[in-house]
Amino acid sequence: MRDVSLPTDLLEWYDRHARDLPWRVSPAARQAGQVPDPYRVWLSEIMLQQTTVAAVRDYFLRFTTLWPDVHALAAAPDEQVMGEWAGLGYYARARNLLKCARAVVTEHNGRFPDDHDSLLKLPGIGPYTAAAISAIAFDQAETVMDGNVERVMARLFNEATPLPAVKPTLKSHAAGLTPPQRPGDYAQAVMDLGATICTPKSPACGICPWRSPCSARAAGTAANLPAKSPKKPKPTRYGTVFLGRRADGAWLLERRPDKGLLGGMLGWPGSDWASEPIPPMPPCNADWQALPGEVRHTFTHFHLILTVMIADLPQSCAPRVGQFLPRQDFRPSDLPTVMRKAYDLSQA
DNA sequence: TATCCGTGGAG
DNA sequence: TCTCCAAGGAT
């Protein structure tokens, strides 16, 4: 027997407390008949993967201004899209974003498929995003499982088993609660609950619409759930980058290969990044000088300490790697953050 | 199943 | 300064 009161309670809370987000159709507008634009739902969900609402907002507005629909995005040059994504991180998302837009145009007549299985076949769309798009954009009764939902379910049912082993159990709990009515609003409601009330630290149980049925709240374990298996320490790696500038203002940059770290992004030529500093090979012969200070940056799984070398290069310079980008084509904002930090050091 | 893949804000 | 971690996906 499905407990219908829990979803109803949450939807009533959502009707009063839904956040105003640029990609969201408010519950009031939705019930008045306004339907979401699948393109905007898709774009927002890709950007929101492992990324906060605060970080996504401006990027979403910029992208939808530059490319209002999937046809426009599909026709955009790769370099421009990668440049606009710079700073948001997880750059495979940007590469797959373009692949997906072009697949929707060429294989789906410019319209996003509405079913979970077809969505799942598209680049960059996994189980969570497929469920989110079919629920939010097409109002299908799919169960979305993201970090928020996992946390809310672990607490609601007081599941003490650590992640990731407990995931199937949490998914089962979530599926049992997913209502046939307003599944799109419900999916967003659970995630809003996790983002604003059932937070990782110091959850606001006192104002939670689910405080009464919450098992962890009763047991006093909410703040410690979900349990997680211990994570590995991050090693430190070292490297060198070369900032070469010509008298005409052009900078020597290279496009990184699609696979691997910062794949497809613009960057400064330099050494590999290794556990010990290595003698670097300059991209061309010049009077390279080390800048005072260093760049420190932390990626998902290692710390990086970067030495920054700079030199004025002759107009005749024929670099071993990379190519010169004319001054008017160079925007520091096109660089991934670690590369922009190196540029900032040179301008300090 | 485990690892790789960014970034910036909160505490 | 340091750890955690946010609407995950690909391999």
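In what follows, every chain begins at residue 1, and chains take the letters A, B, ... in the order their sequences are listed.
Ring geometry for A:F157 against A:H173 counts as parallel: the plane angle stays under 30°, on a 0 to 90° scale with 60° as the upper cut. Aromatic ring pairs are classed by plane angle as parallel below 30°, tilted from 30° to 60° and perpendicular above 60°; the pair A:W42 and A:Y39 is tilted. Ring-plane geometry between A:F299 and A:F302 is classed as tilted, the angle between the planes lying from 30 to 60 degrees on a 0 to 90 degree scale.
Aromatic rings of A:W23 and A:F60 (six-membered ring for Trp) have centroids within the 6.0 Å cut-off, being under it. For A:W251 and A:W268, the ring centers are positioned less than 6.0 Å apart.
Here C:dG9 presents its P atom at 9 Å from CD1 of A:I133, a figure rounded to the nearest Å. As rounded to whole Å, 16 Å separates atom C1' of B:dA2 from atom NZ of A:K228. Protein atom CG of A:L122 is 15 Å distant from nucleotide atom C1' of C:dA10, rounded to whole Å. Residue A:R151 contributes atom CZ, which lies 5 Å from atom P of C:dA6 at whole-angstrom precision. Between A:M145 atom CE and C:dG9 atom P the separation is 12 Å, expressed in whole Å. One interatomic measurement links the two molecules: CD of A:E45 to C1' of C:dG8, which rounds to 11 Å at whole-angstrom precision. Taking atom CG on A:L48 and atom C1' on C:dC5, their separation rounds to 15 Å, with Å as the unit. The interatomic distance linking A:K121 (NZ) with C:dG9 (C1') rounds to 17 Å, in whole Å.
Side-chain contact annotation: A:R93 with A:T51, donor-acceptor N/O pair under 3.5 Å present.
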Q: Mark up nucleotides 4-9 of chain B, 5' to 3', with B wherever a protein heavy atom is under 4.0 angstrom from a base atom, S wherever such an atom reaches only the sugar-phosphate, and - elsewhere.
A: SBBBS-
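When the side-chain nitrogen and oxygen atoms of A:K231 are compared with OP1 and OP2 of C:dT3, none of them lie within a distance under 4.0 Å.
Nucleic acid contact class of A:P164 (heavy atoms, under 4.0 Å, all strands): none. Across all strands, A:L97 comes closer than 4.0 Å to no nucleic acid atom at all (heavy-atom distances). When heavy atoms are screened at a 4.0 angstrom cut-off, A:R296 is found touching no nucleic acid atom at all. Base engagement by A:W23 is indicated by at least one non-hydrogen atom pair under 4.0 Å involving a base atom.
For A:R19 and A:P123, each mapped to the nucleotide of DNA chain C holding its nearest heavy atom, the one lying further toward the 5' end belongs to A:R19.
The distance from atom CE of A:M82 to atom OH of A:Y91, rounded to the nearest 0.5 Å, is 8.5 Å.
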